[in-house]
Amino acid sequence: MHPQLAEDLATIDSLFETVKLQGLDYLQQLSQRPTTAVAVEYSQNLSDEGVGTLKALELFNRQFEPVIIGSSGPRFLGFVTGGSTPAAIAGDWLASVYDQNTQATSGQGDISAIIEKATINLLLELFGLPKSFLGGFVTGATMSNFTCLATARQWAGKCQGKNIAQNGITQGLHVLSANAHSSILKSMSMLGIGSANILKVEMEEGNRESIDLFDLENKIALLNGQPFMLVSSAGTVNTVDFDNFKAIAALKVKYNFWWHIDAAFGAFAACSPQYRELLDGWEYADSITIDCHKWLNVPYENAVFFIKAQHQHLQVETFQNSNAPYLGSLTDQFSYLNFLPENSRRLKALPVWFSLTAYGKNGFRAIVENAVDMARRLGEFISSSEQFALLAPVRLNNVCFTLKDNGDPELVAVFLEQLNRTGKVFMTPTVYKGEKGIRASFVNWRTSIHDLEIITTTMISIARSINN
Ligand SMILES: *Cc1c(COP(=O)(O)O)cnc(C)c1O
């Protein structure tokens, strides 16, 4: 054994104690940690002998630690960024420690897929979804959308008598959507469908980002009965709008299409009786994407897909890994190897299993309702303020706003830049219905009224300073 490895192994006790204390220190100071840092370029040569983990930690603490931002903290409102609960971190640590390769539920060696399947069932319960869905873990909602659309692609091929997984794409794949997330287009590009081949459906009138059902039927008519894939939204990124799932479910009776729902974070509306009805009818979808590293507050990289069990053959045709004889036959056992894009995978289910087991339905109800409450309060502050104006109603956990009309649209960017530079809060820019604006997204489990006070005070003082 190399001496550095031998020494690390001999001192693993004190080593991990040091790392644990450092981690605790970070978590305890998280709310004071700046939400931005100045980027520094860094280069290093690979040494021959290495320095051991303790010295590596010292180097990390000198070079990187000071510029690591509080993005897992309570006032990082950019994108849709969750944090990590204690249970999630415990599960994630143990996933590294046990270092299983999650593939099969029986047979050769590792059986951690049993934990994955059990965790998928807990998630179905959390979301109130039927057991007719089979699910699995992937790295993020992008890969979840990819997995669902890959299976949808196989379905669309089959409708035309083609096996696309085996023979490649010919043509004639149609995707319809009103407000597809960028990752849908990325998935279409990776799947050879081509991101330009999205048929854009109009959004509903007024302050909506949801699919216009009348226009949807017009667009369907243009396809002359050809099969198509419909991508609908449970939670658009700007204003968290939801498509009318009951109405779309009714269309399933009339038309031949694969129905996918991107519910990356909107799925969590199901955790609260107050918001659950936004999702009414979603159980009739063929596939659903949900991110865990957002509102479930587990560490990156963690998401699930749910695909109806009746489509399992399409999924296995798409992802089968059966040309490797040493991995055994397809039909022996259930294996995630033949079910999703990755082959070797860490035990991503564990942080989710810990979280769901530790906090239960009401724990997540509280996280969701708190985030929505924070967003509503920020929305109320904005609509009653002199400096700011809402761009859209606050539907759930995102606030989309701008500066009050002052004749200079560039000021929005100046305001945001200065706001973020304070390091006390982080928000991201957006464009809503052609207007430049700012988005604040509440998903972190720690955010409190106290944080909101810091946020609004900082917003007011920046707005005053740029108006002078
Ligand atoms: C975040 C998000 C995605 C992409 O998720 P990643 O986890 O970044 O891959 C897809 N769709 C929606 C609606 C999202 O909010």
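When a residue number appears, it is its place in the shown sequence, counting from 1. What you are looking at is a predicted structure, and each value in this text was computed from that prediction instead of being measured. Whatever order the structure lists them in is the order used to number ligands and atoms, beginning at 1.
Geometrically, Lys186 does not engage Phe146 in a cation-pi contact defined by less than 6.0 Å to the ring centre and at most 45° from the axis.
At a cut-off of 3.5 Å, with distance as the only test, a side-chain donor of Arg395 or Thr239 sits close to an acceptor on the other residue.
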Donor-acceptor pairs under 3.5 angstrom involving side-chain atoms of residues 303-311: please list them, not counting sequence neighbours.
from, atom 1, to, atom 2, distance (Å)
Lys308, NZ, Glu283, O, 2.7
Lys308, NZ, Ala285, O, 3.0
His311, NE2, Asp286, OD1, 2.7

Donor-acceptor contacts, no H, no angles, side chain residues 91-99, under 3.5 Å, sequence neighbours left out:
from, atom 1, to, atom 2, distance (Å)
Asp92, OD1, Arg346, NH2, 3.3
Ser96, OG, Arg346, NH1, 3.4
Ser96, OG, Arg346, NH2, 3.4

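Looking at residues two or more places apart in sequence or on another chain, you find a side chain to side chain contact (heavy atoms under 4.5 Å, CB included) between Gln312 and Leu134, Val316, Phe334, Phe339.
Classification of the Phe401-Phe388 ring pair by plane angle, with boundaries at 30° and 60°, yields perpendicular.
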Note down each nitrogen or oxygen pair, ligand 1 side and protein side, whose separation is under 3.5 Å; give only atom names and the distance to 0.1 Å.
from, atom 1, to, atom 2, distance (Å)
ligand 1, 5 (O), Asp291, OD2, 3.2
ligand 1, 7 (O), Ala141, N, 3.0
ligand 1, 7 (O), Asp291, OD1, 3.3
ligand 1, 7 (O), Asp291, OD2, 2.8
ligand 1, 7 (O), His293, NE2, 2.7
ligand 1, 9 (O), Ala141, N, 3.3
ligand 1, 9 (O), Thr142, N, 2.8
ligand 1, 9 (O), Thr142, OG1, 2.5
ligand 1, 11 (N), His181, ND1, 3.4
ligand 1, 11 (N), Asp262, OD1, 3.2
ligand 1, 11 (N), Asp262, OD2, 2.7
ligand 1, 15 (O), Lys294, NZ, 2.8

